[in-house]
Amino acid sequence: MTERAVSPASPIDAPWRLVALGAVLGTTWAASLRGLMSTIAGVSSTVEWSGTFVQILAPAAVVGGLYGWAEHLRRFDGPPWRRWFALAPLLFGLAGLTGAATWSDAGAAAVMGLALTVIAAVGGVALSGTGPLWSRLLGGLLAIVPVVVLVTVLPSAAGPAFALARPRGAWLTVYFTALLTVYCLAGSIPFRRAPRGRRVTGRAGPSARLPAEASADR
């Protein structure tokens with residue numbers, strides 16, 4: 001088997017570190033999203049072990065960890081199946097099923113998981129820098145649909161104070177758009193190309209070898 005040289009690996013390239021970093025960032029993102037939900041709900045918002053921790057924070061940590069693993073594979077030009085990590089957000093739907101008391105609740109959880117997966121995928125494609133330009137433009141247009149829905153629906157559902165022309169509404173729109181952008185950036189990881197010069201033989205991780213190491217074995 002022919003060895004192909006790789007660029008020196010950073011300590012952060014270790015799989016467990018990227019997985020841990022992804023889990024922390026995923027939890028941070030989900031906690032921020034929960035804060036946004038609480039702001040919109042107002043006094044009716046409640047924090048529960050099941051709803052907040054099991055259905056939001058825990059799956060976000062797992063999804064973030066999976067994206068971290070996908071990033072490790074990407075950095076070492078890992079196998080094509082790493083693109084399957086784009087389906088990681090389906091875990092949100094599975095977590096939602098834990099609190100489903102009726103078939104209607106179960107259906108809503110499934111739809112939520114599917115919607116979050118589609119948003120991450122289309123937004124990820126748009127920000128990945130790969131694929132034809134038309135697909136990235138289409139992905140970007142589809143990814144901003146949730147923002148349009150928020151701006152359109154929120155004032156009538158929560159009151160005129162949440163209109164885009166009002167300070168609170170403008171703040172919430174910026175808040176939500178920032179969270180959506182970060183989410184799509186994470187979703188772009190499975191679609192992004194490996195860094196130039198970072199190549200491995202066979203599989204990612206321990207099999208990667210530096211030019212000096214390959215020369216020493218000859």
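Heavy-atom basis, side chains included; hydrogens, waters and symmetry copies ignored. Residue numbers run from 1 in the order of the sequence given.
- Listed here is the closest heavy atom pair of Ala126 and Gly140: CB-N, 3.4 Å.
- Within the structure, side-chain hydrogen bond (donor to acceptor under 3.5 Å, both in side chains) contacts touching residues 180-195 (residues at least two apart or in different chains) do not occur.
- Counting heavy atoms from C-beta outward, Leu94 and Pro59 have side chains that stay 4.5 Å or more apart.
- Tyr67 has its side chain within reach of Val63: a pair of non-hydrogen atoms, C-beta onward, lies under 4.5 Å apart.
- Listed by chain and number, the hydrophobic cluster partners of Leu185 are Leu127, where partners are ILVMFWY side chains within reach of under 4.5 Å, directly or through others.
- When the side-chain hydrogen bond (donor to acceptor under 3.5 Å, both in side chains) test is applied to Ser32, the partners found at least two apart in sequence or on another chain are Tyr175.
- Put simply, Val174 and Ile40 are part of two different groups of oily side chains (I, L, V, M, F, W, Y) that touch within less than 4.5 Å, one to the next.
- The CZ atom of Arg34 sits 9.5 Å away from atom OG1 of Thr39, with the distance rounded to the nearest 0.5 Å.
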**Report entry** side-chain contact (heavy atoms from CB on, under 4.5 Å) assessment of Leu18 paired with Trp69
**Finding:** CA-CA 6 Å; Leu18 286 171; Trp69 187 11; over 6 Å; no
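- Remark: Arg82 engages Leu73, Arg74, Phe85 in a side-chain contact (heavy atoms from CB on, under 4.5 Å) (not counting sequence neighbours).
- Within the 4.5 Å cutoff, no side-chain heavy atoms of Glu71 are placed close to those of Leu21.
- Of the inter-residue distances, the one linking Thr28 atom OG1 with Leu57 atom CG reads 10.0 Å to the nearest 0.5 angstrom.
- Taking each heavy atom of Phe176 and Val147 in turn, the nearest pair found is CE2-N, 3.8 Å.
- Alongside Val125, the hydrophobic cluster contains Phe191 (criterion: ILVMFWY side chains under 4.5 Å).
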Run the side-chain donor-acceptor check on residues 149-164: report pairs under 3.5 Å with partners two or more places apart or on a different chain.
| from | atom 1 | to | atom 2 | distance (Å) |
| --- | --- | --- | --- | --- |
| Thr152 | OG1 | Val148 | O | 2.7 |
| Ser156 | OG | Val153 | O | 2.8 |

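- Linking Ile, Leu, Val, Met, Phe, Trp and Tyr residues whenever their side-chain heavy atoms come within less than 4.5 Å leaves Trp134 and Ile144 in two separate clusters.
- Listed by chain and number, the residues in a side-chain contact (heavy atoms from CB on, under 4.5 Å) with Leu87 are Trp84, Leu90, Thr117 (sequence neighbours excluded).
- You'll find the side chain of Ile119 reaches within 4.5 Å of the side chain of Leu180, heavy atoms only.
- Linking ILVMFWY side-chain heavy atoms closer than 4.5 Å, directly or via other members, places Leu141 and Val118 in two distinct hydrophobic clusters.
- Thr98 has its side chain within reach of Gln55: a pair of non-hydrogen atoms, C-beta onward, lies under 4.5 Å apart.
- Sorted by first then second residue, the side-chain hydrogen bond (donor to acceptor under 3.5 Å, both in side chains) pairs that include residues 57-66, not counting sequence neighbours, number zero.
- Put simply, Leu33 and Val24 are part of two different groups of oily side chains (I, L, V, M, F, W, Y) that touch within less than 4.5 Å, one to the next.
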Under 3.5 Å, side-chain donor or acceptor atoms of residues 103-111 against the rest of the protein: list the pairs with distances, not counting sequence neighbours.
| from | atom 1 | to | atom 2 | distance (Å) |
| --- | --- | --- | --- | --- |
| Asp105 | OD2 | Ala101 | N | 3.3 |
| Asp105 | OD2 | Thr102 | OG1 | 3.4 |

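- Between the side chain of Ser45 and the main chain of Gly42, no donor-acceptor pair closer than 3.5 Å is present.
- Put simply, OG on Ser50 and CD1 on Ile56 are 9.5 Å apart, with the number rounded to the nearest 0.5 Å.
- Qualifying side-chain hydrogen bond (donor to acceptor under 3.5 Å, both in side chains) partners for Ser128, counting only residues two or more places apart in sequence or in other chains: Thr130.
- Every residue meeting the side-chain contact (heavy atoms from CB on, under 4.5 Å) condition with Ala143, not counting sequence neighbours, appears here in chain and number order: Val122, Cys184.
- At distances below 3.5 Å, not a single donor-acceptor pair connects side-chain atoms of Arg75 with backbone N or O atoms of Pro195.
- Within the 3.5 Å criterion, the main-chain N or O of Trp49 finds no donor-acceptor partner in the side chain of Thr52.
- Cluster annotation: Val62 is connected to Met112 through the hydrophobic network of ILVMFWY side chains, with a link wherever side-chain heavy atoms come within less than 4.5 Å.
- Residue Arg168 places its CZ atom among 12 or fewer non-hydrogen atoms of other residues, nucleotides or ligands, all under 6.0 Å distant.
- Judged as a side-chain contact (heavy atoms from CB on, under 4.5 Å), and not counting sequence neighbours, the contacts of Ala60 are Ala30, Phe92.
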